[in-house]
Amino acid sequence: MTAAEAPLPPLAPRERTATTAAERRTGSPLAVSLSGVRKSFGDKTVLSGIDLEITRGEFVVLLGPSGTGKTTLLRLLSGLEPPDGGDVLVPRQRTVVYQEPRLIPSKRVLANVSVGQKRAQLTRDNARRALAEVNLADKERAWPATLSGGEAQRVALARALVREPELLLLDEPFAALDALTRLQMQDLVGDLVARHRPAVLLVTHDVDEAVRLADRVLILDNGGFAVDVDIDLPRPRDRNDPEALRYRATFLAQLGVGRPSSTRQDIS
Ligand SMILES: Nc1ncnc2c1ncn2[C@@H]1O[C@H](COP(=O)(O)OP(=O)(O)OP(=O)(O)O)[C@@H](O)[C@H]1O
């Protein structure tokens with residue numbers, strides 16, 4: 001079963017009568033709502049009552065020390081992992097991009113982009129448009145094995161885009177790329193998200209990536225969010241901007257790197 005088919009209840013923002021804090025803050029309808037979500041593996045509690053709202057078009061980056069539950073939270077949102085308790089409301093149209101592109105070696109690039117889609121829902125034209133959006137129009141007949149790592153990851157992005165997700169889940173999608181390609185991919189993803197406006201949850205270990213891309217940064221620690229802060233910086237962002245450096249230093253400190261621990265109050 002694909003994530004898009006997983007049996008989680010869809011959120012229907014237009015049917016909501018009450019306006020949530022997140023909707024008031026951003027002016028956009030809600031895409032994700034978690035309430036009191038708990039998850040343990042054996043006697044290890046990973047998520048101990050998570051509340052989270054993400055609005056349509058909001059780019060949320062999730063940081064946290066290794067093993068704190070970032071991927072578990074992403075898997076809950078994708079529908080691949082059931083919660084032990086609490087409510088998970090996500091849109092039906094959601095898709096995940098992973099660290100590795102997960103292309104089908106025996107299918108050409110265009111077929112990889114449209115894989116799993118019903119003919120009625122998706123024409124080859126849509127797949128071609130998505131490939132053009134990731135600057136790979138000339139690769140539609142290429143085999144995955146002939147692509148560079150960055151190209152393969154752009155095909156994975158096109159495959160996600162073509163589904164027009166309301167929720168885009170990104171699980172360290174740039175982690176395996178070289179530094180220059182990583183920066184180019186960050187810009188590309190930033191542009192694509194601005195154009196398509198899904199809600200986004202990006203899991204990463206890269207604090208610079210968080211400051212460059214996020215509308216909002218969460219740091220997961222000890223089963224809950226130690227930090228939940230809006231990144232109030234104009235785009236495109238300059239990583240050497242003093243305010244960007246201040247966010248960076250604060251997040252690193254919260255993650256136990258650099259100066260002593262800081263919290264949300266230091267930033268806002
Ligand atoms: N299926 C599972 N069975 C048992 N334990 C699990 C399972 N999935 C995750 N865990 C445990 O839950 C904790 C959180 O794992 P998770 O992969 O979500 O962390 P993470 O923050 O994404 O880590 P990293 O940054 O290292 O990728 C870890 O201690 C992990 O060993």
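Counting convention: from 1, in listed order, for ligands and their atoms alike.
Val61 and Ala210 get closest at one heavy-atom pair: CG1-CB, 3.5 Å. The minimum heavy-atom distance between Asn112 and Lys107, with the atom names listed, is ND2-O, 2.8 Å.
For a threshold of 3.5 Å applied to N or O pairs, the pair formed by Val46 and ligand 1 contains no separation below that value. Ligand 1 has an N or O atom lying under 3.5 Å from an N or O atom of Thr71, backbone or side chain.
Residue-ligand proximity: Gly64 is placed with every non-hydrogen atom at 4.0 Å or more from ligand 1. The closest approach between any non-hydrogen atom of His205 and ligand 1 is below 4.0 Å.
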Task: Full working for salt bridge (Lys or Arg N to Asp or Glu O under 4.0 Å) between Arg182 and Asp206 - done: CA-CA 11 Å; Arg182 171 184 278 242; Asp206 184 338; 2.6 Å; yes

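Only the side chain of Lys44 comes within contact range of ligand 1, with a heavy atom under 4.0 Å; no backbone atom does.
In the hydrophobic clustering of ILVMFWY residues, with side-chain heavy atoms under 4.5 Å counting as a link, Val227 and Val257 come out together.
The atoms of ligand 1 that sit less than 4.0 Å from any heavy atom of Lys70 are 18 (O), 19 (O), 20 (P), 21 (O), 22 (O), 23 (O), 24 (P), 25 (O). Of all the atoms in ligand 1, the ones that sit under 4.0 Å from a non-hydrogen atom of Gly67 are 13 (C), 14 (C), 19 (O), 20 (P), 21 (O), 23 (O), 24 (P), 25 (O), 26 (O), 28 (C), 29 (O).
Remark: the Gln186 side chain and the Glu209 side chain contain an N/O donor-acceptor pair separated by less than 3.5 Å.
Each of Asp230, Asp232, Asp228 was evaluated against Arg216; a single residue qualifies, Asp228, per the side chain to side chain donor-acceptor pair (under 3.5 Å) test.
Salt bridge present: Asp208 and Arg239 bring a charged side-chain N and a carboxylate O closer than 4.0 Å.
Using a 4.0 Å threshold on non-hydrogen atoms, atom 31 (O) of ligand 1 does not count as touching the protein. Put simply, atom 28 (C) of ligand 1 has protein non-hydrogen atoms near it, under 4.0 Å away.
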